[in-house]
Number of protein chains: 2
Amino acid sequence: MDQKITIDDVAKRAGVSKGLVSLALNDRPGVSAEAKQRILRVADELGWHPDPAARGLSTRRAYALGLIVRRSPHVIEVDPFFAAFMAGAEAVLAEHGQVLVLSVVADVDAELQAYRRLSAERRVDGFFVTDLLENDHRIDALGDIGKPAVVLGRPDNTHGMPVISRDYSAGISQLVAHLVDLGHRRIAHVTGNVAMQHARIRLDRFLAECDARGMEPIVAEADFSPEQGAVATQALLDGRNPPTAIIYGNDPMAIAGMAVAHERGLSLPADLSIAGMDGSDIGGWVYPTLTTLDNDPAGWGRAAAETLVRLIEDGAAPDVTLPDAELIRRASTAAPAQPGERRTPRGGGDTQQHATTDTKET
Amino acid sequence: MDQKITIDDVAKRAGVSKGLVSLALNDRPGVSAEAKQRILRVADELGWHPDPAARGLSTRRAYALGLIVRRSPHVIEVDPFFAAFMAGAEAVLAEHGQVLVLSVVADVDAELQAYRRLSAERRVDGFFVTDLLENDHRIDALGDIGKPAVVLGRPDNTHGMPVISRDYSAGISQLVAHLVDLGHRRIAHVTGNVAMQHARIRLDRFLAECDARGMEPIVAEADFSPEQGAVATQALLDGRNPPTAIIYGNDPMAIAGMAVAHERGLSLPADLSIAGMDGSDIGGWVYPTLTTLDNDPAGWGRAAAETLVRLIEDGAAPDVTLPDAELIRRASTAAPAQPGERRTPRGGGDTQQHATTDTKET
DNA sequence: TTGAAAGCGCTACCAT
DNA sequence: ATGGTAGCGCTTTCAA
């Protein structure tokens, strides 16, 4: 149980020196094929693993990568992104003998502190930077800190850090087009926290899409929390000329918005079409099932981890562009009711499409 | 940026030897008050942090604790527990100079492998064991592995590992009593994955509560996923004598169950009362707002982290019992409609209670 | 109370 | 291609 096996044991048993074992392990040149094979076999027999502390002491590496999640307690529980992102990232790290070190903080100050701590204590070799802000302080701070980092966002202003990005704009175009095709002309957008770049990009694209169609955009700012999603929805529906469709910056807000509509006795989607983003599994299991844009958080995680590992090992890594977001059409969007038909009692009507029968636009 | 400051720098500047600095840092006896003070001041001035790799090489510690989350990709996204649990745990670990190492796996085999890897590679000093199974293999495996661990579960069969537990039974009693008080006699339970101890405990208590009241229990097995929650709900409602109230093993299943009911044109809660468990934030923002039992995942995280740190440092730590789960009464539970009244059109009726106005039973 | 020195397990360099 | 050896930064003896 207590691993007392060291590189010396392996060296002795294989009849070579420690140095050679080390070279063989890190498959470096200068080891004969047969020696290498023998060494690796012996290591395996003995169940030997190099001690990362000892390695790190020589190489000044931690063999660990850091993810700092900044979320308010009320958003984190409901966040459809991080758990899956971590799963994707961690799977890749494990293949590379690395480990994921996680920190969860409530605000930007605590986040900067966490970067500094993990870095000063030499706990990690690099960072994943998520939820990029517009003019993000962290980019500069990480520059000072001097640790490699990959950024999830748009390839701007990242001071040469590799960027993982996905074109969400294309999905928003599809979504708006989908609603317009159904006959909507008064479409609203409930934003996420627009201090975040991805929320801002979504808003900008929404505005552009409205503009291109000569529609007056309706916008309510929120922050990705269901609570704010509900508040924004109330405000929109209380407006003098309420929208016939609402696009939310994420699925939890959309679900909260649906609840508000239901509570007012509106029939969905006849009286109001609703769409989310960052498509989460739960969206396929609410009533009506939620039209949304997919996001594949595990894919983000894998790409980010591969890039960060490569950045650390090779000193550089190319940006990665993930496939465009795709529209997932479900039952929460439909043609708007004619003015006279509003507030119809519910029941009957369309059968709803379940998640297992999602229609993905390609 | 590149931390080249070592214990030697501190020793030199403070005019003492490395050894003394080390003693002072770990506040061990044998250092004069003034020397200690001076050393710590100098260390602070220099911004020195001991290198965990170097420390670990001497002490055979990793100064890191491991959490391995076993969840299928479809459950993890929606899981209201882990993100908040990690946040709670990590906050405590940071105070103790420790770090949280995270792994996400899909099944039990991969989980055991992850324990072995993290242990063999000496990445962590101990583990958090969650989702305890009945006769959990991991307990034995961890015994072999020989790393300290704390278990989230019921204090049985844990071979002397400290246990963090919360009495969920009390909450279930309250919940059943609440429904019975409203007039329900046909109450169903949609279970979580009953291989997990907490799902089993909930089921057992539900059965006991029914038994105590002479009610025939109705049970549908599921696995915590919204999909299974929906399937189970269909089956229950298609039964020859459908329940008037359904208690789900977690909130995502309850939300999926609500959707099934809505889709059938049932009016909630008049035609069917619905309750969840593991109360998540989102439950306060669906329609109707979801009656549930709270769970305070961050509290679990803090308690578990404190216990594990103590176990490692002192060699032993007492079990912790968290406060009983409490009923959160919201709008999804109400008196059952009289037979004749079923399938009333919705709208009007009760105003729903929002999350901000939850009623907590004490 | 303090200093000096010997490891901890590995990598990396200099020989051969 | 291989062996020997000097560190990496800390903790922990053992002397003084």
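Chain identifiers are assigned alphabetically (A, B, ...) following the order of the sequence lines, protein sequences preceding nucleic acid strands; residue numbering begins at 1 within each chain.
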* Flag, side chain of R166(B) to backbone of N295(B), donor-acceptor distance under 3.5 Å -> yes
* To do: Over 60° means perpendicular and under 30° means parallel, so classify the ring planes of F82(A) and F85(A), tilted if in between.
  => perpendicular
* Asked: Can you check whether A316(B)'s main-chain N or O pairs, donor with acceptor, with D314(B)'s side chain at less than 3.5 Å?
  -> no
* To do: Return the minimal non-hydrogen interatomic distance between G153(B) and L132(B), and the atom names on each side.
  => CA-CD2, 4.3 Å
* **Carboxylate-amine/guanidinium proximity below 4.0 Å for E306(A) and R302(A)** => no
* Separation of dC8(C) P from D9(A) CG (nearest whole Å) -> 12 Å
* How many Å lie between NZ on K12(B) and P on dT2(C), as a whole number? -> 19 Å
* Sequence-aligned protein contact record of nucleotides 10-16 of chain C, with B where the base is within under 4.0 Å of a protein heavy atom and S where only the sugar-phosphate is -> BBB----
* Quick one: is R61(B) getting a side-chain N or O under 4.0 Å of the dC8(C) phosphate, OP1 or OP2? -> no
* Asked: Any side-chain heavy atom of L152(A) sitting closer than 4.5 Å to one from V129(A)?
  -> no
* Touch check for A35(A), heavy atoms < 4.0 angstrom, all strands: base, sugar-phosphate only, or nothing? -> sugar-phosphate
* Asked: Between D319(B), V150(B), V151(B), I312(B), which is the residue that forms a side-chain contact (heavy atoms from CB on, under 4.5 Å) with T307(B)?
  -> V150(B)
* Asked: Hey, are E34(A) and R38(A) close enough for a salt bridge, meaning a charged N less than 4.0 Å from a carboxylate O?
  -> no
Restricting both atoms to N or O, compile the protein contacts to nucleotides 14-16 of chain D shorter than 3.5 Å, with distance only.
none

* Output the single nucleotide from dG3(D), dG3(C), dC8(D) whose closest atom is nearest the side chain of L57(A). => dC8(D)
